[in-house]
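Chain A is the first sequence line, chain B the second, and so forth, proteins listed ahead of strands; every chain is numbered from 1. What you see below is based on every heavy atom in this structure, not just the backbone, and it leaves out hydrogens, waters and symmetry mates. Nothing here was measured: the structure is a model prediction, and the numbers come from that model.
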Amino acid sequence: MKYIIAIIKPSRLDDTHAALTEIGISGLTVTEVRGYGRQRGQTEIYRGAEYSIAFVPKVKLEIAVDDKIADDVVDTIRKAAHTDKIGDGKIFILDLKDALRIRTNEMGVDALN
Amino acid sequence: MKYIIAIIKPSRLDDTHAALTEIGISGLTVTEVRGYGRQRGQTEIYRGAEYSIAFVPKVKLEIAVDDKIADDVVDTIRKAAHTDKIGDGKIFILDLKDALRIRTNEMGVDALN
Amino acid sequence: MKYIIAIIKPSRLDDTHAALTEIGISGLTVTEVRGYGRQRGQTEIYRGAEYSIAFVPKVKLEIAVDDKIADDVVDTIRKAAHTDKIGDGKIFILDLKDALRIRTNEMGVDALN
Amino acid sequence: MTINSCHVFRRLPAVLVAMLFPSLAFAATDSGDTAWILTATALVLFMTLPGLALFYAGLVQSKNVVSVLMHHFALACILSVTWVVLGYSLAFSGDGAWVGDLGGLMMANITTETLNGTIPESVFAAFQMTFAIITPALIIGAYVERMNFAAVLAFSVAWLLVVYAPVTHWVWGGGIMASWGVMDFAGGIVVHTTAGTAALVIALVLGKRVNFPQSVAPPHSPVLTMIGASMLWIGWFGFNGGSALSAGQGAGMALLVTHIAAAIGALVWMFIEWFRFGRPSVVGAATGMVAGLATVTPASGYIGVPGGIILGLGGGVICYYAVDLIRGKLKIDDSLDVFAVHGVGGILGSLLVAFLALEAFSGGGLAEDVTATGQFMVQLSGVIVTAIWTALATFVILKIIGMFTALRVSKDVEVEGLDLAQHGERGYHNT
Amino acid sequence: MTINSCHVFRRLPAVLVAMLFPSLAFAATDSGDTAWILTATALVLFMTLPGLALFYAGLVQSKNVVSVLMHHFALACILSVTWVVLGYSLAFSGDGAWVGDLGGLMMANITTETLNGTIPESVFAAFQMTFAIITPALIIGAYVERMNFAAVLAFSVAWLLVVYAPVTHWVWGGGIMASWGVMDFAGGIVVHTTAGTAALVIALVLGKRVNFPQSVAPPHSPVLTMIGASMLWIGWFGFNGGSALSAGQGAGMALLVTHIAAAIGALVWMFIEWFRFGRPSVVGAATGMVAGLATVTPASGYIGVPGGIILGLGGGVICYYAVDLIRGKLKIDDSLDVFAVHGVGGILGSLLVAFLALEAFSGGGLAEDVTATGQFMVQLSGVIVTAIWTALATFVILKIIGMFTALRVSKDVEVEGLDLAQHGERGYHNT
Amino acid sequence: MTINSCHVFRRLPAVLVAMLFPSLAFAATDSGDTAWILTATALVLFMTLPGLALFYAGLVQSKNVVSVLMHHFALACILSVTWVVLGYSLAFSGDGAWVGDLGGLMMANITTETLNGTIPESVFAAFQMTFAIITPALIIGAYVERMNFAAVLAFSVAWLLVVYAPVTHWVWGGGIMASWGVMDFAGGIVVHTTAGTAALVIALVLGKRVNFPQSVAPPHSPVLTMIGASMLWIGWFGFNGGSALSAGQGAGMALLVTHIAAAIGALVWMFIEWFRFGRPSVVGAATGMVAGLATVTPASGYIGVPGGIILGLGGGVICYYAVDLIRGKLKIDDSLDVFAVHGVGGILGSLLVAFLALEAFSGGGLAEDVTATGQFMVQLSGVIVTAIWTALATFVILKIIGMFTALRVSKDVEVEGLDLAQHGERGYHNT
Ligand SMILES: Nc1ncnc2c1ncn2[C@@H]1O[C@H](COP(=O)(O)OP(=O)(O)O)[C@@H](O)[C@H]1O
Ligand SMILES: Nc1ncnc2c1ncn2[C@@H]1O[C@H](COP(=O)(O)OP(=O)(O)O)[C@@H](O)[C@H]1O
Ligand SMILES: Nc1ncnc2c1ncn2[C@@H]1O[C@H](COP(=O)(O)OP(=O)(O)O)[C@@H](O)[C@H]1O
């Protein structure tokens with residue numbers, strides 16, 4: 001199994017979520033995060049001065065998936081989150097040793113969907 | 001070492017935390033997240049219309065543990081977070097290569113407790 | 001590649017970020033989290049009673065890096081986040097299988113910087 | 001606020017002074033009346049700052065909260081200046097049928113001697129100024145989350161001069177509608193019909209928000225909305241009660257019926273929601289309250305308790321279904337339902353006053369020789385003429401401004417939120 | 001507010017008018033008095049909306065913030081209607097000893113001619129209505145985070161009619177306690193004893209919150225609580241100052257002593273916390289302020305500056321330890337300490353006024369031939385009779401309502417929070 | 001508020017009563033005037049609680065929001081007591097040139113008979129108390145995020161007695177500056193010059209915040225700041241309008257020019273930001289509003305509409321560049337720009353009033369035989385003497401307090417935030 005972490009633009013969350021649902025992903029977890037990268041934070045005004053904000057708001061998706069569909073999931077996220085502008089974000093893929101559904105005690109791939 | 005990620009219901013946080021403390025877990029990290037899964041988000045009312053919320057509030061626990069106690073920790077979380085209702089959440093287990101305590105520069109298992 | 005997760009004190013974020021930028025790290029992701037560890041939460045007052053708060057505010061950094069510079073990054077965080085007081089935090093190092101830049105479709109190390 | 005109402009409720013002490021010292025009478029301010037209108041001025045400004053600002057700000061997404069607050073704040077400032085320089089004169093100077101004259105430019109005629117009834121003219125002008133602020137501010141609800149700030153300012157200033165000031169003159173400044181005998185105690189026509197109509201036109205001209213109607217986000221902060229609604233309720237005591245321009249029976253009864261209509265409007269909305277969805281919401285109750293208040297406004301100085309009850313009921317029910325119609329069925333993105341709540345409510349009250357002012361409903365009665373149907377036709381004419389002029393003028397103003405600056409922000413800015421892009425601020429920080 | 005106080009503080013101009021034109025005197029409203037009571041009406045409504053609502057909302061968990069706001073908002077609406085239809089009549093119509101009559105149903109007798117003292121009766125009725133709103137609203141603090149919304153509404157309406165209106169009649173409506181000579185300027189008995197006692201009973205009948213007392217969460221927003229507390233303080237000027245029903249020496253002194261007691265109550269609480277925990281909290285200071293205000297309320301029109309100081313001190317200290325006792329020791333989940341703060345404070349002030357009204361304390365003095373001890377016994381009787389009736393009636397109302405609808409929400413709803421389950425809203429969104 | 005102003009704006013009815021019944025005249029309160037000053041008292045307290053508290057709280061980091069609110073709340077309490085016990089006497093009792101006497105200790109002389117002009121003395125004393133609260137509260141902006149709470153309290157109490165009360169006596173209590181003929185209608189010298197100067201001194205004595213100026217965080221909540229600013233605006237109607245001490249022409253014109261200056265100050269700031277950065281901010285507009293208000297304050301009772309416009313413009317522009325100078329260039333950490341906005345604005349208005357009061361600017365005119373230049377020199381002397389005394393006294397008070405308790409919190413506490421460490425509370429919770 002793979003543990004996929006995607007950092008995307010908040011404004012792409014709804015579409016990405018919809019696209020994932022379409023390919024049958026039935027579970028994921030979302031966190032509000034702040035990102036630093038090539039996309040620079042905007043500046044804020046405060047009483048006659050501009051302050052630059054190092055971090056920009058991003059959204060992190062975490063999705064545990066079976067190895068078989070990992071590529072498909074990555075591809076789907078990539079397409080849905082894509083705006084072709086700096087700051088579109090990254091997808092990271094980690095190995096997932098095991099998973100467990102708390103309600104039923106199912107393990108492994110069975111826990112995921 | 002293992003890096004355990006558990007997504008649970010916010011209302012189970014206190015009990016789960018207490019249960020983990022009891023088995024000697026002395027460190028963990030908590031994040032407010034939003035989850036999507038079989039449990040559907042509730043609907044909200046806004047001026048004559050209902051809106052369904054895709055995501056439900058969840059809490060994410062991250063706990064780095066020695067391999068020896070990983071199973072025990074997973075089990076403890078499972079029991080404490082269990083309510084037997086849809087949406088109880090998942091536990092994910094990843095491999096942890098290394099750990100370091102910033103204060104003392106201890107590495108590996110020593111950094112964990 | 002490595003996926004480095006660091007839990008540090010919020011007050012060390014700016015300096016740590018600056019130190020990482022200096023060694024050429026051009027991307028990272030930050031999350032507000034709450035931590036439980038040896039450092040105990042402060043107490044709060046409410047109408048004639050003190051309540052102890054189990055969790056203290058922490059900040060989580062996530063940085064995906066090439067294996068070659070992983071040690072350097074860990075070291076830089078350690079130094080910058082260090083205050084020599086309990087609660088300075090931890091650094092966790094996981095294996096990263098793959099990475100992808102959404103904008104350009106670059107993969108692997110190329111996606112990181 | 002109308003000349004009628006002043007006559008009806010003229011208070012005793014001024015009369016007394018006049019009888020004792022005829023030569024002094026012209027100069028007599030009544031300290032009690034003045035105290036109340038000073039207070040009412042504060043209350044009505046409070047309705048906009050921060051009342052309406054919070055009410056609206058809570059309803060949008062958090063990435064636009066600063067922009068909504070800024071719209072209100074900046075309008076309060078720029079419209080005050082517009083009012084002082086030109087608006088007051090156009091509304092209240094001279095006796096043209098259609099518009100005032102330039103005799104009161106820069107409020108040059110107001111001194112510490114001039115009076116309006118029993119209060120200093122400075123107080124009257126300031127009180128009226130707070131109405132000239134909140135009316136264009138009501139329209140904000142139609143264009144939140146997408147209108148360009150420069151266009152917001154330009155539109156509001158022009159609209160104040162071309163729509164609000166003349167209509168005020170027609171009704172309260174001794175103009176054409178005053179001569180028809182239109183009854184509008186505190187602004188069913190002057191405030192709510194104009195603002196509501198303009199909201200509809202601006203919503204159509206600007207177009208919908210990018211995510212409307214598929215995925216409109218629910219209010220980001222019912223807390224702010226509830227705080228704002230409470231302030232609107234309190235402030236409306238000054239709005240309607242102050243429109244008596246004196247602190248006597250007229251103000252008292254206006255306050256009482258205003259309060260009743262607010263309470264009933266809110267309850268109606270709450271129970272409809274409860275019935276339909278099983279869960280009454282605080283945003284719903286607050287909206288019903290505003291509907292009740294808008295509806296009672298034109299009638300508040302002419303009716304008794306039964307009138308207040310009926311207008312609360314009518315306003316609550318009809319505005320509820322108006323929201324459904326405009327936003328739900330017609331898919332017009334009058335984003336915060338300005339027309340459906342203020343426009344519809346204000347019009348409803350402006351028409352019903354013809355009947356509810358009758359003594360049969362414990363009202364103060366109509367003018368001599370006027371029948372309820374006759375008055376109703378007068379009211380209807382007033383509403384229609386005002387709505388037509390407002391719609392036309394609003395449309396033309398927008399088209400002209402559109403030649404000089406963008407009416408809408410870019411799609412990118414709309415998606416990212418107006419706060420950072422237009423104002424360099426975020427509503428809520430983590431640090 | 002009492003007939004006594006009206007006599008003491010009757011103002012000159014009305015007298016003057018009466019002397020000059022006896023035939024007009026019956027119809028004379030005083031514009032200054034009216035201006036102040038109109039303002040005071042706005043101030044007291046402001047205490048509930050949004051003052052008390054925010055004060056309480058900040059103290060609960062964020063998953064219940066909407067429900068607390070909604071309780072206040074809905075009560076303000078439904079109790080206004082109840083007051084208009086029936087409550088006002090039961091409290092102020094007729095001269096029965098125990099309850100008013102039905103002569104004032106629907107406020108049908110109030111016209112633009114009727115007076116109360118020197119102000120229009122419409123203003124008096126509206127001012128009293130704001131008291132009839134806030135008193136049941138105070139009780140909300142006892143049942144937050146667990147009571148079922150339908151039961152909240154039903155209970156509050158019934159309680160207004162069965163407890164509040166009669167007690168008001170006893171004390172201020174010329175009923176039995178007025179004839180005993182009970183002194184209650186602005187509601188130590190009528191408002192605070194009734195609300196406090198009811199809170200205790202409802203807390204016992206409903207039972208504790210699931211997490212009480214092991215893991216009660218601290219206030220989710222001291223910011224909201226502080227804002228609400230500030231509004232309560234400001235609004236209390238209208239509550240106590242307005243109870244003079246005129247704008248003269250009586251109102252002035254009431255405002256001054258009210259302010260002093262608030263300030264001292266807050267300081268007392270703050271210094272106790274500082275001493276015990278090393279850290280004075282804003283929620284603590286705000287609570288002490290409310291304690292001081294509740295304590296001074298019954299006395300505010302009868303005392304001088306020294307009385308204000310003593311009541312602030314007494315209220316601060318005694319309410320602090322009452323909280324400790326009720327919530328800390330007895331583990332009664334009167335969740336936001338309504339009895340310990342309002343009840344105890346109001347009773348304390350109602351008893352001490354017998355002494356502090358003496359001229360020795362710069363007070364206005366007692367009625368002729370009345371000793372401090374005699375007055376004290378009268379006050380004690382008033383408090384006891386009111387508390388007993390309130391306790392009984394509250395208990396019975398709850399039991400009856402419990403036959404028709406659940407008093408509490410289910411445990412699941414309580415754990416998930418009332419906001420979404422009962423109102424379909426969340427207090428704070430991310431978007 | 002000055003004796004002058006009372007004369008100018010003395011109202012008719014009191015005169016009337018005096019003519020009819022000379023023997024009663026001494027005892028006549030005017031109910032209208034009293035109603036307005038009761039209201040104004042509520043409005044000015046509202047400026048501090050929660051107005052200024054929110055305005056300042058929104059500008060700091062979220063880890064210090066409770067501490068800022070607590071500073072305001074605790075100061076309101078402790079300064080009220082200080083005022084009652086000693087401050088009022090030092091300011092308004094006796095006729096010394098430099099300071100009052102102890103004749104009014106504990107407000108012992110205030111009864112329900114004593115008057116100030118046409119209002120009860122209790123109302124005058126309470127109204128003045130609200131000024132004695134807000135002036136030290138303004139200084140909070142200089143020391144937020146680092147000053148030790150115990151030192152905050154001690155400093156403010158001492159400062160009230162050593163700086164505020166005497167200066168009030170000089171200007172409004174019949175002291176030395178009153179005899180010079182200094183014009184200060186509502187506190188350009190008494191309030192803003194003193195608070196501004198003290199802010200500068202305290203900023204220098206305390207030193208900078210650890211992260212100043214490299215990484216100052218932007219305001220954590222423009223929403224709170226905007227709410228607070230709105231309340232300041234509304235409340236300022238009571239501040240300046242109430243300083244007429246009557247409800248007549250004087251109050252009306254003061255309110256009108258106050259409003260205009262606020263609006264223009266805000267617009268000036270907004271347009272400068274728009275021009276410089278392309279994005280006008282709500283915090284900027286609110287700051288400009290305060291600058292306009294501070295600037296118009298000393299002049300508000302003496303000028304006409306043109307004066308209001310000029311002071312709004314002048315205050316907006318000059319305070320904007322003063323912020324740049326003090327915080328930007330000189331790197332003085334007067335954290336929320338108290339001197340640059342209040343001090344500079346108040347001084348500017350105190351000087352310009354000498355010209356703007358002329359009839360050429362539609363002002364009320366200067367005293368007989370006084371030229372504008374002559375008046376200007378008087379004003380300048382007033383400002384300079386006040387600034388010098390304030391600076392000296394502030395410095396000495398801080399040094400003395402520094403012997404008994406730490407003026408600043410430890411660096412650790414500053415980094416972690418004052419809220420938990422000093423008050424055991426956090427502003428915002430997750431639960
Ligand atoms: N090495 C990294 N490790 C973790 N997160 C990263 C890394 N690089 C970038 N990110 C995240 O991805 C977001 C987008 O990256 P950025 O460089 O701005 O644009 P792009 O993805 O288009 O190159 C950043 O805001 C940050 O949250
Ligand atoms: N594949 C997944 N990857 C990551 N998180 C998941 C995944 N599936 C579910 N979750 C998380 O677990 C939570 C509970 O899952 P859900 O399907 O609602 O109930 P259950 O765990 O009882 O099957 C979700 O809200 C989501 O946060
Ligand atoms: N085993 C663990 N797994 C995950 N996070 C941990 C673990 N132990 C500690 N942490 C995180 O590190 C933070 C600091 O740990 P703590 O024990 O308080 O101090 P120190 O790092 O100085 O030993 C905690 O607040 C928590 O967020």
Side-chain angles (χ1 to χ4, degrees), chain A residues 1-8 10 12-34 57-67 70 73 76-77 80 92-113, chain B residues 1-13 15-16 19 29-41 51-62 65 67 70-71 73-97:
Chain A
M1 291 172 292
K2 291 281 176 295
Y3 197 77
I4 300 174
I5 300 177
I7 319 282
I8 64 170
R12 301 312 304 154
L13 174 61
D14 282 348
D15 286 358
T16 307
H17 177 224
L20 287 169
T21 322
E22 235 161 67
I23 62 159
I25 292 300
S26 61
L28 55 85
T29 301
V30 177
T31 317
E32 318 281 334
V33 299
R34 295 184 284 153
K58 297 280 169 196
V59 149
K60 179 166 82 170
L61 307 184
E62 287 165 277
I63 319 173
V65 294
D66 190 4
D67 286 319
V73 167
T76 305
I77 297 176
F92 301 119
I93 299 135
L94 284 76
D95 257 339
L96 177 61
K97 287 282 143 205
D98 208 350
L100 177 146
R101 189 194 305 277
I102 290 173
R103 176 164 46 92
T104 58
N105 215 356
E106 287 162 288
M107 305 275 304
V109 177
D110 293 342
L112 298 184
N113 37 51
Chain B
M1 291 171 290
K2 291 281 176 293
Y3 197 77
I4 299 173
I5 300 177
I7 319 283
I8 63 170
K9 289 189 169 163
S11 56
R12 301 310 305 152
L13 174 60
D15 286 357
T16 307
T29 301
V30 177
T31 317
E32 318 281 334
V33 299
R34 294 183 284 152
Y36 170 78
R38 299 197 186 173
Q39 181 197 9
R40 281 299 126 97
Y51 293 81
S52 63
I53 312 297
F55 297 101
V56 279
K58 297 278 168 197
V59 149
K60 180 167 82 170
L61 307 185
E62 288 165 277
V65 294
D67 286 318
D71 284 353
V73 167
V74 168
D75 223 52
T76 305
I77 296 177
R78 188 178 58 76
K79 281 183 194 138
H82 189 93
T83 68
D84 209 17
K85 301 227 180 72
I86 279 191
D88 272 355
K90 319 270 186 218
I91 305 176
F92 303 119
I93 299 134
L94 285 77
D95 257 340
L96 177 61
K97 287 282 142 204

For [X], is it the side chain, the backbone, both, or neither that has a heavy atom closer than 4.5 Å to a heavy atom of chain A?
| X | answer |
| --- | --- |
| B:Lys60 | side chain |
| B:Phe55 | side chain |
| B:Lys90 | both |

(request) Apply side-chain contact (heavy atoms from CB on, under 4.5 Å) to the pair B:Phe92 and A:Leu94, showing each step before the final yes or no. (result) CA-CA 12 Å; B:Phe92 303 119; A:Leu94 284 76; over 6 Å; no
(request) Test B:Arg78 against A:Arg101 for side-chain contact (heavy atoms from CB on, under 4.5 Å), laying out the working first. (result) CA-CA 8 Å; B:Arg78 188 178 58 76; A:Arg101 189 194 305 277; over 6 Å; no
Measuring heavy-atom distances to chain B, does [X] have an atom under 4.5 Å in its side chain, in its backbone, in both, or in neither?
| X | answer |
| --- | --- |
| A:Leu13 | side chain |
| A:Glu106 | neither |
| A:Asp95 | backbone |

Close side-chain approach of [X] and [Y], heavy atoms under 4.5 Å:
| X | Y | result |
| --- | --- | --- |
| A:Leu20 | B:Tyr36 | no |
| B:Arg34 | A:Glu32 | yes |
| A:Thr29 | B:Lys58 | no |
| B:Ile91 | A:Ile102 | yes |
| B:Ile5 | A:Tyr3 | yes |

(request) Determine whether more than 12 heavy atoms belonging to other residues, nucleotides or ligands lie under 6.0 Å from atom CG of B:Asp71. (result)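 Atom CG in B:Asp71 is not packed in, count stays at 12 or less.
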(message) Tell me which of these, A:Met1, A:His17, A:Met107, A:Glu62, has more heavy-atom pairs under 4.5 Å with chain B than the rest.
(response)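 Ranked by heavy-atom pairs under 4.5 Å with chain B, first place is A:His17.
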(request) Identify the heavy atoms of A:Leu96 and B:Ile93 that sit nearest to each other, and give their distance. (result)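 So the two residues come closest at CD1-O, 3.5 Å.
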(message) Quick check: closest heavy atoms across A:Arg103 and B:His82, and the distance to 0.1 Å?
(response)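 Looking at all heavy atoms of both residues, the closest pair is O-CE1, 2.9 Å.
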